[in-house]
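The next block holds one structure in the form of structure tokens; read it before the comments.
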Amino acid sequence: MPRTIIKDAVGKVGERVLVKGWVANRRVHGKIIFIDLRDRTGLLQVVFEPSKKEIYELAGELRSEYVVAVEGTINARPEKMVNKNIASGAVELVAEGLTIINQAKTPPFEIDKDTLKVNEETRLKYRYLDLRTERMNNNIRLRNKTLLFIRNYLSQEDFVEIQTPILSKSTPEGARDYLVPSRLHPGKFFALPQSPQQYKQLLMVAGFERYFQIAPCFRDEDARADRSPGEFYQLDMEMSFVTQDDILNLVEKMFTALVKKFFPEKRITREPWPRIKHNEAMSEYGSDKPDLRENKNDPNELAFTWVVDFPLFVQQTKEDFFYGAGEKYAPSHHMFTAPKEEDVALLDSAPLKVRSYQHDLALNGYEVGGGSIRIHDPKLQEKIFNLIGFSEEQKKQFSHLLEAFEYGVPPHGGIAPGIDRLLMVLTGQPSLKEMIAFPLTGDARDPLMGAPSAVTEGQLKDVHIRLREKDIK
Ligand code: ASP
């Protein structure tokens with residue numbers, strides 16, 4: 001007999017069905033054994049009556065999380081037994097056959113309860129069990145629906161989804177790179193991309209005009225609740241022949257449609273979203289990601305805010321380890337961001353006064369995305385490199401981009417909202433990790449796979465690396 005999923009079993013009153021799934025829980029009332037069976041579509045109550053001796057005895061062996069197949073007849077429950085909390089609450093399955101497909105050990109935490117309070121190490125070590133819980137399961141499914149929505153939306157707007165390399169070269173976004181040693185090129189390293197920034201600009205030179213990617217980004221930085229160490233996902237976008245307004249309007253329309261579709265209970269504080277100048281945000285709210293909610297206790301309020309007119313540079317500090325040494329300027333966004341036309345003249349006299357075409361998206365006090373109109377003039381790009389204090393050697397690292405710009409580069413710009421971060425705020429989850437299937441711990445480990453891990457001498461030799469004793473003690 002073919003399997004029926006629980007969602008469909010509900011409509012089959014009086015019919016015989018075969019269902020398969022996990023035992024969510026087991027109760028005995030009087031002499032009757034009840035289990036809630038869980039599959040990907042929901043929960044179904046299954047009844048084992050003592051009169052069917054053989055399967056009744058087998059049902060006595062069932063424990064939580066056993067994997068089973070049950071055959072039986074779907075019955076309508078008597079009115080007063082209807083469970084309004086579950087979609088299949090009006091029916092139950094009276095078991096006539098039972099197969100235990102696989103037993104299960106007692107899980108380290110309760111699967112039918114929210115695991116937010118369970119110790120993180122345990123949750124991540126047994127993530128496959130954590131993901132069985134209703135909240136986590138819903139979060140991951142919501143993430144999938146969101147990505148599908150975005151893909152469809154942008155495809156209809158003529159965007160092309162293009163995957164850019166993971167094994168690549170450092171693209172500075174202000175964090176440390178993850179490095180991968182090369183076997184074939186001793187002493188050389190790939191860097192995992194901090195973002196596809198240079199590739200997406202090259203795709204504009206390539207003439208695609210509208211690109212997006214649900215892009216994995218790798219940054220070796222310390223954890224905070226709204227940052228995940230290691231990798232995270234951005235909705236990376238780039239467009240040619242656009243103004244800053246075009247970019248902001250497109251994102252605003254798309255996310256408003258997304259909220260209306262999947263979060264109808266939410267209220268957007270102000271539409272269109274306010275656009276605030278950086279200096280006003282700082283002077284009025286003391287933050288470049290101001291929280292403009294009217295009622296911060298309302299879990300259903302969403303205050304999207306654009307922040308624009310950022311300064312192009314900040315004074316470089318020692319922490320800007322990437323950039324050139326000396327009393328120079330560090331880009332406030334990244335080094336490909338264009339200065340505002342009316343401020344270009346100030347680049348020579350007062351660089352810290354130059355405003356840029358950077359735009360950040362804030363939501364309820366979190367930064368959920370940033371981007372800019374880019375420089376598309378190789379001479380201006382070189383000037384910025386000089387102001388940052390790049391040596392000739394450092395400039396050479398970007399010569400491919402400058403060279404590409406000599407072959408007909410359209411004006412272009414883009415943005416990259418953080419998917420995990422956006423969903424965290426939309427769903428009101430306390431951390432990014434609640435929206436990621438397999439996140440790292442705060443100190444950048446995966447307790448489930450045991451990563452990072454030591455490798456063999458042979459593997460190290462292959463990639464021409466010898467560890468220093470003092471570093472591994
Ligand atoms: N690459 C930038 C970032 O990761 C986003 C952008 O400028 O489009 O913040």
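The figures here come from the full heavy-atom set of this structure, side chains too, leaving out hydrogens, waters and symmetry mates.
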Rounded to the nearest 0.5 Å, what separation is found between the [atom1] atom of [X] and the [atom2] atom of [Y]?
X      : Y      : atom1 : atom2 : answer
Tyr407 : Leu202 : OH    : CG    : 13.0 Å
Cys217 : Asp420 : SG    : CG    : 9.5 Å
Leu363 : Arg293 : CG    : CZ    : 8.5 Å
Phe385 : Gln394 : CZ    : CD    : 10.0 Å
Lys188 : Leu179 : NZ    : CG    : 14.5 Å
Arg123 : Leu131 : CZ    : CG    : 9.0 Å

Flag if over 12 foreign heavy atoms under 6.0 Å of [atom1], [X]:
X      : atom1 : answer
Met282 : CE    : yes
Arg3   : CZ    : yes
Asp158 : CG    : no
His185 : NE2   : no
Lys125 : NZ    : no
Phe262 : CZ    : yes
Trp22  : CH2   : no
Glu393 : CD    : no

Do [X] and [Y] have side-chain heavy atoms sitting under 4.5 Å apart?
X      : Y      : answer
Val307 : Pro290 : yes
Tyr178 : Gln194 : no
Asn139 : Leu142 : no
Asp377 : Val409 : no
His400 : Gln198 : yes
Phe438 : Leu448 : yes
Leu422 : Leu235 : no
Phe304 : Leu361 : yes

We want to know whether [X] and [Y] form a side-chain donor-acceptor pair, criterion being a heavy-atom distance below 3.5 angstrom.
X      : Y      : answer
Thr269 : Glu301 : yes
Asn152 : Ser155 : no
Ser88  : Gln45  : no
Gln429 : Arg135 : yes
Asn364 : Lys296 : no
Tyr211 : Asp236 : yes
Asp245 : Thr243 : no

> Looking at His278, Lys340, His359, which one forms a side-chain hydrogen bond (donor to acceptor under 3.5 Å, both in side chains) with Asp309?
Replying inline: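 Among the candidates, only Lys340 passes.
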
>> Would Arg143 pass as a cation-pi partner of Tyr233, given that its NZ or CZ must be under 6.0 Å from the six-membered ring centre and within 45 degrees of the axis?
In response: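 Yes, cation above the ring, under 6.0 Å and within 45°.
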
N-O pairing of [X] and [Y] below 4.0 Å:
X      : Y      : value
Arg267 : Glu294 : yes
Arg183 : Asp462 : no
Arg275 : Glu280 : no
Lys289 : Glu367 : no

> Looking only at heavy atoms, which two atoms of Phe241 and Pro410 are closest? And how far apart?
Replying inline: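 Answer, listing the atom of Phe241 first, then Pro410: CZ-CB, 3.5 Å.
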
> Which heavy atom of Gln358 sits nearest a heavy atom of Thr337, and at what distance?
Replying inline: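 Closest pair (atom of Gln358, atom of Thr337, distance): N-CG2, 4.1 Å.
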
>> Before you tell me yes or no, could you show the steps for Thr164 and Gln213 under side-chain hydrogen bond (donor to acceptor under 3.5 Å, both in side chains), namely the whole-Å CA-CA distance, both residues' side-chain angles and the distance that decides it to 0.1 Å?
In response: CA-CA 8 Å; Thr164 52; Gln213 177 180 195; 2.9 Å; yes

>> Ring centroids only, cut at 6.0 angstrom: are Phe310 and Tyr357 within range, meaning strictly under it?
In response: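 So the answer is no for these two rings.
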
